[in-house]
Amino acid sequence: MAKEYSVIGKSKVKVDGLEKVLGTTKFASDYSLPDMLYGRVFRSTVPHATVKKLYLEKARALDGVEAVLDYHDIPGKNRFGIIIKDEPCLVDDKIRRYGDALAVVAAKSPEILEEALALIEVDYDEIEPIFTFERALEADAPIIHGTTNIHQVKHLECGNVDEAFKKCDIIIENVYSTHRLSHMFIEPDAGIAYYDDDGLMTVVASTQNPHYDRNEVASLLGLPYNQVRVIQAATGGAFGGKLDISVQCHCALLTYHTRKPVKMVRSRSESTMVSAKRHPMTIEAKTGATRDGMLMAMEVKICSDTGAYASYGPAVITRAMVHCTGPYSIPNVRADATFVYTNNPMSGAFRGFGVPQVAVCHEGQMNALARKIGMDPVEIRIRNAHQIGSKLTTGQILENSVGFIETLEKAREKAAEVLS
Amino acid sequence: MKKRGKGVGSMWYGIGNTGLPNPAAAFVEVLGDGTANLMFGAADIGQGSGTAMAQLAAEALGITYEKVRVTWGDTRVTPDGGATSASRQTLITGNAVLKACEQAKGTLADVAAAYLGCQPEELDFSNNMVTKDGDATVTMTYHTLMAEMKTAGKMAVGAGYYNPTTTTLDPEDMSGIPYEVYSYATTICEVEVDTETGEVDVLKVVSAHDVGQTINQSMVEGQIEGGVVMGQGFVLMEEIEVSDKDGSIKNPIFSKYIIPSNLDVPEIYPILVESEGGPGPFGAKGVGEPALIPIIPAIVAAIEDALDVRFTKLPIFPKDIVAAVKEKETDADNGVLN
Amino acid sequence: MRAFDFFTPKTINEAKALLNQYQESASILAGGTDIVIEMNEGHVRPDVVIDIKRLKELEYIRIDGEQIRIGALSTFAMIASHPVIQERVRVLCQAASTVGSPQIRNLGTIGGNLATSSVAGDGVSAMMTLNASVVLDSVRGKRTVPLAEFLEGKGVSNRNALLADEIMTEIFFDLPDDHTATAFYKLAKRKSLAISVIGAGILVQVDDAGICTKASLRGGCLSRYPLHFKEAEAHLLGEKITRELLEETLPMLHDAVYESAKSRPWSVFYKKESVQGVYRKLFDAILEQLNGKSNE
Amino acid sequence: MNKISISLNLNGEDRVIDVFPNRRVVDLLREDFKLTSVKEGCSEGECGACTVIFNGDAVTTCCMLAGQADQSTIITLEGLAKNGELDVLQQCFLDEGAVQCGYCTPGMILTAKALLMKNSSPTEEEIKVGMSGNLCRCTGYEKIHAAVKNAVEIYKQKLEQGGESIG
């Protein structure tokens, strides 16, 4: 019998609930400061190119425009990224996707801002764009970053897979594919930058990671970390889509040059266009089992397109690999994964980091196996389920808190009661 | 024709970043009137980490929930909490909060023990009272305790951080300890498929989640319900379409990227399973991402069950259902066995 | 949003005079649910906006002998909640209650829907099923145009017959009698806030012996304007309405959709197959209504 | 472009303002009247976050021009709580855990309010249809439906006890 808690486990009203039902909660776009400017990004309309020339003069000359900046105006480091710093704040070497940021503009009103953006022109030198996994790997394909289009390769192995398959009564082989998805948080990305009363560069933004944002803003502006303050505004949904830098660096750069507060609110289209997407995956799987449904071996190959920038790609590939067997003990496993860069929209973090994708595969395999041997799908899961003492494919032994079988039993019980 | 089917989907989910250090920290100060200020980095994005941390601190300090004031996500005030991702905040920031509270409570316990004439470890802090274990007559209010603290010139402050025990994964075979603990879940659902129009109604969903220990029941249910509906969109409605001419997204708006509306949602039965001994605060794990995952294969399986057709490619849109039904009919006409 | 001048005429005559003055440079604002979005995105850039929504004289639903006359500024919410339409004109009631969202139905008007003439306009399909006509008014005078002809016209927007100085004032159609059943089904990816994949309407009238005396089948989103299933209508006319007879038209619907949709950027395969499922649902609704009526 | 004068009753107060006509009602409320509970999520009448009660009806203000607000009565979430006391719907959303990120919440509560102003005892189906113009990505809608159902019950009890009407 667990200890009786006085607060834990209780359905307490949320600490920020009252303001939310009153409508007084401040989301980033709700902030407004004296002398505030409105900022927006000028973006590329081609996926892969170098910039021959960017024409900013007309926009700069427009009355009410306070700053039109390109990469030359960045005082610090023009690269960010949570794991690999491969994304520019403003494009310097080349454009790698539709919607890459080329310039930022700050103006006194949204109307002037719109007019200024329409005055910016650009000449591109286009490069063949890469839109497929296959093309990315071909020898004559243009290289998007560095020296290879391979973003990450992973290999996982335990036991003796080839020998084990020979002993299996049943082998199930399938190829699964999952698609590119968008978070569609209801609040589009937004933020405001300003110098606070102590002269601190301050950014209030819709974000899942204010401390990371702080470091990126500081690095962009060449400031010590403690000279930048990032405050998380109330955040209107995120689901992984607000882990990457969105408006924080662009806003801060404009404030750095104008010394004035700058607010940026992305339109729905812009927000969806440039925030990370769920990695589409192709997963080949081969599962071997005994006649009575005991899993013996599994072989998995995962291919994915991480798009133009790494974002959380390295986290997705690793997590997908570790989870590819599902919550089952399989003594012999071999898995390989390859992620490539392309000129497609950036893939990154999205609720589950690759696990929903591999779950389509491992559960598809379990259901196929259950059907093949005529076993109840819950029963076959219980038979192979992780429990305390189970050894994972990584060699880790589960020592505590493994409630998997109980979820199967409780779900089965409730389903019997409520499903037809 | 309408056909019904049922499907099962399970999942596991390692809590925290994979095979990487990913600490988070918290500060706490118990004030003279028995309220507390709690500061931590973790961004609350609506899932309720701020509320969970307030509940953890209240439980740990033995004060009521309403007495805890939380501040999060302000780099000038709060320590780094790392990203709100990987379903990690309850485990990691939660443990950091407990550590901070334990530190503050250490000072409080010394003062209370001296006052009550017992050992600090004999004390129970609960509901704004400090009581000697097993002897309800030896007790003092927090109010008195804080007055004693003032007299003694002591302060009840704490700072804590927590980093889950993991190891770097081996570059050759990925062996190692990727996560400190795993959440598990099983979802069973029932669907109705219109074989002619391809419409799929998800009717009922049972979703059982091993959360270790529930911190806030309503919030966990809310995560599960939201995850189920997002998963429904994943399988049946949503897809980002990319132009093969310029790599742009063709449907970046709500009228073209279809997420479920309230009329699409099934009856959902969330079940919370608790499993003991985990490393999290009071044994809690994470549920944010697990909430989404098992419904996805469960819906796929239920459609397969309804139609007796295999689906290995997602999404499954009405047109895909109709195509599969047609193909099956054609195969049957041609004598091909499925 | 681009700058423009905004007028709020108090009478139809005032509105017509403004349109006459500004012609193509003016946009009419009825509910605004389409045009404001278009203007905000810069796709429509009028110099002048004429807000006619306040012309209460164009907001009515009247039973006029054997006809229903609907003022062009009647909202979908008004139409969907009107007792006679609920009872006697289900095709319109059902179409009106699935347009957009409750909020959009509170703003959006039937006249605006017809004037926009969107491929996916549910109001357009329903009104075509009812063989409705529209009244267009200008300083030059009124004219009445059958909806089918209106949609094929080449007016100011090239989408219908509405000329630059004209305002749609009324839509009218024959009130379905006791022997008539109608229904609408919206096939879409989700159940609310949905854009039709197919927005299909049906109207069937029978005599005392159950013989079909009138049939109208129109499918939205299957061609530029609601697809007219002529062959199916001919098949029903003069025959006794039974489930078997109705289902005999399914291959005709299939073929008609194939012919119409094959040259369009749509999933022809899905549309031609699913149209049959859609109409099977509509047949169920029709039979239920007709049987219910014969039992009375 | 000439400014237009707009007179309206906003949250119970008569207000007059001159604005350029190329503002939408959502801009008028958020920018000119600083009523930031009105949220913008999609700019195309799809998500319902910008919903207000306009002449008694729920409408999405991102697809309305400012001029349409002239001579109207508008209620935003700021106008719902009376003298610091939450509206029953607000209390029910709070108690039921119907709020996660909170971005759709103002629109949700106002849509429910408009529904109940017209029909004080809606069926479960009527509640669902009435709320079907507001997207939520967090909650899965279950707790939102539950909150509105609870509010209906509480209003009923209040009415039976001779209390205030919903409007």
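Letters A, B, ... are given to chains in the order of the sequence lines, protein chains preceding strands, and every chain is numbered from 1. It should be emphasised that the depicted structure is a prediction, and the values quoted were computed from it without experimental measurement.
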Would you say the side-chain atoms of [X] and [Y] include a donor-acceptor pair closer than 3.5 Å?
X      : Y      : result
A:T282 : A:E284 : no
B:E221 : B:Q217 : yes
A:T407 : B:D210 : no

**Audit row: B:F282, A:Y5, ring pair (Phe, Tyr, Trp, His ring centres under 6.0 Å) steps and yes/no** = CA-CA 10 Å; B:F282 302 97; A:Y5 298 117; 5.0 Å; yes
Proximal component of [X], with respect to chain A [non-hydrogen, under 4.5 Å]:
X      : answer
B:V211 : neither
B:L169 : side chain
B:I296 : side chain
B:K285 : side chain
B:P294 : neither
B:I259 : side chain

Which one, [options], leads in non-hydrogen pairs under 4.5 Å with chain B?
options                        : result
A:T394, A:N400, A:L408, A:N226 : A:T394
A:T325, A:N344, A:V13          : A:V13
A:H155, A:K20, A:H179          : A:H179
A:V378, A:L392, A:T393         : A:L392
A:M273, A:Q396, A:E157, A:R214 : A:Q396
A:P377, A:G395, A:G364, A:P345 : A:P345

**Request:** Among B:Y182, B:Y257, B:Y269, single out the residue with the greatest number of heavy-atom pairs under 4.5 Å to chain A.
**Result:** B:Y257
**Message:** Could you measure the distance from the OG1 atom of A:T235 to the CD atom of A:E187? Nearest 0.5 Å is fine.
**Reply:** 6.0 Å
**Request:** Using the ring of A:F239 (Phe, Tyr or Trp, six-membered ring only), decide whether A:R351 places NZ or CZ under 6.0 Å from its centre and within 45 degrees of its axis.
**Result:** no
**Prompt:** Is A:K242 positioned over the aromatic face of A:F185, cation under 6.0 angstrom from the ring centre and no more than 45 degrees off axis?
**Reply:** yes
**A:K414 side-chain N/O to B:I188 backbone N/O, donor-acceptor pair under 3.5 Å** = no
**Asked** Is A:R381 salt-bridged to A:E363, going by a charged N under 4.0 Å from an acidic O?
**Response** yes
**Prompt:** Can you say whether A:A349 sits under 4.5 Å from chain B via the side chain, the backbone, both, or neither, judging by heavy atoms?
**Reply:** neither
